[in-house]
Amino acid sequence: MTAAVGRPPVARNEHLTFRANMGAGRHGWLRLTPAYGVRLVRESISRLPAGSVVTDPFSGTGTTPLAAAELGHHGQSVDVNPFLIWLGRAKVRRYSPETLLAAVDATREVIRTATRTDRDAILWQPDIFNIERWWTPGTLDALKALRAAVDAHEGPVRDLLDIALCRVLITRSNAAFNHQSMSFSAPSEKSARASARDARDSAPALFDRAAAEATISAFALEMDAVAQSARFALPGSAAIHQGDSRTRINQLKEADLILTSPPYVNRMSYVRELRPYMYWLRFLNLAGDAGDLDWRAIGGTWGTATSKLNGWRPETDTPVDDAMAAVCARITADGGKNGPLLATYVHRYHHDMWLHFQAVTPAVKRGGAVSYIVGNSAFYGHDVPAHTWYAAMLRALGYMNVEITTIRKRNSNKSLYEYNVSARRP
Ligand SMILES: C[S@@+](CC[C@H](N)C(=O)[O-])C[C@H]1O[C@@H](n2cnc3c(N)ncnc32)[C@H](O)[C@@H]1O
């Protein structure tokens, strides 16, 4: 047996998170940091009889419906984010041999066109603030040329090309995408030297051309990886719906299992994390769109969503109002000028999850199971036990066998964990 050479050891519990999905075929197509690991999902689903219905009301990158379809079940999911709906649908599609052959031709054509594009051509670029911080000029030229060349295609082939383009955006970016603050790296010594040489020789095209060529080659490699994993047929089926899981989604079949990882109460913004993809694929055009979309997402607080929180009022009581009021009072007291806003954030999040639990219950079969993977959080040192409050809400709706299991410690912060809140509908 040969030992795996040059690979760092897998950190404990990595199989539970997005990182675990990177090598897992279609699951690794694009990253969303809070995606959960496909292994965890497969473990839960593998206990079901063949042909079961598995629902994820917070689809994200479509991990659950894809895993369900891979294991011969029917997976279905819902998300508010139109980009994630598009991605999920592309991930669970069956790609015929003809489509895959057409994708090979299209890739050649895109590379040819992008390579020949005059770098002075005026091409569309997304309206991303400070775009030059994300990509060097040569890379940006190539991305624009690739974007224009991909635009000439349509249908499933176009989706595969767009996924490859998204992957290149990341591999060729200066931003570190593994954290939501998206830090930017300083130019490497090599690129700084090259820039200095360019300035000296007043031949800027030299360095730019190298970056552009590297970007176009990266596209070819990414497309190859995407097409390879698109080849594997899915024995089951899947459907991904656009919708708001706080309301009843009529298209859903009754589920044997709800398996999901909803937004955590930690101010993470999915729109913020996804914005490079969403801008380049034209799901977002104006900065204002992002805030509007985040306001519709549970727990979203990015941009205008934060100012809208100030005027938010609950439309209903929840079964955890007393416990929540006590925690919110402490957050208000200790949070200085941001305290009241964060207390409202915590309140709105659980209020919305209560709307969700009520809306989803009729879409669970009697005797069917639910499993919510969620983390607690802390504001100004005060624990916000979302898992405990989920359990209380499920009990209030009559669910049986409500249990909380600890899955893992989330990071170096001693108080943050990820839990599985599971129950059975009577
Ligand atoms: C933690 S992520 C899900 C990650 C997913 N398990 C995966 O593996 O990629 C939560 C998702 O919930 C979605 N979401 C937030 N509010 C929603 C709502 N009201 N209705 C439906 N989806 C919502 C977000 O857009 C985000 O994609």
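Whatever order the structure lists ligands and atoms in, that order sets their numbers, starting from 1.
The residue among Asn81, Leu259, Asp244, Thr260 with a heavy atom at the shortest distance from atom 19 (N) of ligand 1 is Asp244. Which of Gly60, Ser261, Pro57, Pro82 comes nearest to atom 10 (C) of ligand 1 through a heavy atom is settled by distance: it is Ser261. Taking only non-hydrogen atoms, the option from Thr247, Ile85, Asp79, Asp56 nearest to atom 24 (C) of ligand 1 is Asp79.
Counting only distance, with no hydrogens or angles, the side chain of Arg424 and the backbone of Met400 share no donor-acceptor pair below 3.5 Å. Remark: the backbone N or O of Arg408 is not paired with any side-chain donor or acceptor of Thr406 at under 3.5 angstrom. Listed for the Gln358 side chain is a donor-acceptor partner under 3.5 Å among the backbone atoms of Trp354.
Residue-to-ligand polar distances place Ile298 within reach of ligand 1: an N/O pair is separated by less than 3.5 Å. Polar contact with ligand 1: absent for Tyr270 (N/O pair, distance under 3.5 Å). At least one N or O atom of Ser245, backbone or side chain, sits closer than 3.5 Å to an N or O atom of ligand 1.
For ligand 1, the atoms closer than 4.0 angstrom to any heavy atom of Thr63 are 7 (C), 8 (O), 9 (O). When each atom of ligand 1 is checked for a heavy atom of Pro263 under 4.0 Å away, the hits are 10 (C), 12 (O), 15 (C). The atoms of ligand 1 that sit less than 4.0 Å from any heavy atom of Ala297 are 15 (C), 16 (N). The contact set between ligand 1 and Thr61, taken as ligand atoms under 4.0 Å from a residue heavy atom, comprises 7 (C), 8 (O), 9 (O). Near Gly243, meaning under 4.0 Å from any of its heavy atoms, are these atoms of ligand 1: 20 (N), 21 (C).
In this structure, Ser59 counts as a contact residue of ligand 1, since one of its heavy atoms falls inside 4.0 Å of the ligand. For Gly299, the heavy-atom gap to ligand 1 stays at 4.0 angstrom or more. Using 4.0 Å as the threshold, Arg296 has a heavy atom nearer than that to some atom of ligand 1.
Between Pro276 and Leu169, the shortest heavy-atom contact is O-CD1, 3.9 Å.
Gln242 is listed as a side-chain neighbour of Pro82, based on a closest heavy-atom distance under 4.5 Å. Residues Leu100 and Leu160 form a side-chain contact, since some pair of their non-hydrogen atoms from C-beta on lies under 4.5 Å apart.
Side chains of Tyr390 and His356: a donor-acceptor N/O pair is absent below 3.5 angstrom, by distance only.
A cation-pi arrangement is present between Arg282 and Trp124, with the terminal nitrogen or guanidinium carbon under 6.0 Å from the aromatic centre and inside a 45° cone about the axis.
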For this session: With salt bridge (Lys or Arg N to Asp or Glu O under 4.0 Å) as the test, would you mind laying out the steps for Asp352 and Arg348 before giving the verdict?
Result: CA-CA 6 Å; Asp352 284 358; Arg348 178 175 186 242; 3.8 Å; yes
Exercise. Can you list the steps and then say if Asp292 with Lys308 is a salt bridge (Lys or Arg N to Asp or Glu O under 4.0 Å)?
Worked result: CA-CA 10 Å; Asp292 291 346; Lys308 286 186 186 145; 3.3 Å; yes
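Neither the backbone nor the side chain of Asp352 comes within contact range of ligand 1; no heavy atom lies under 4.0 Å.
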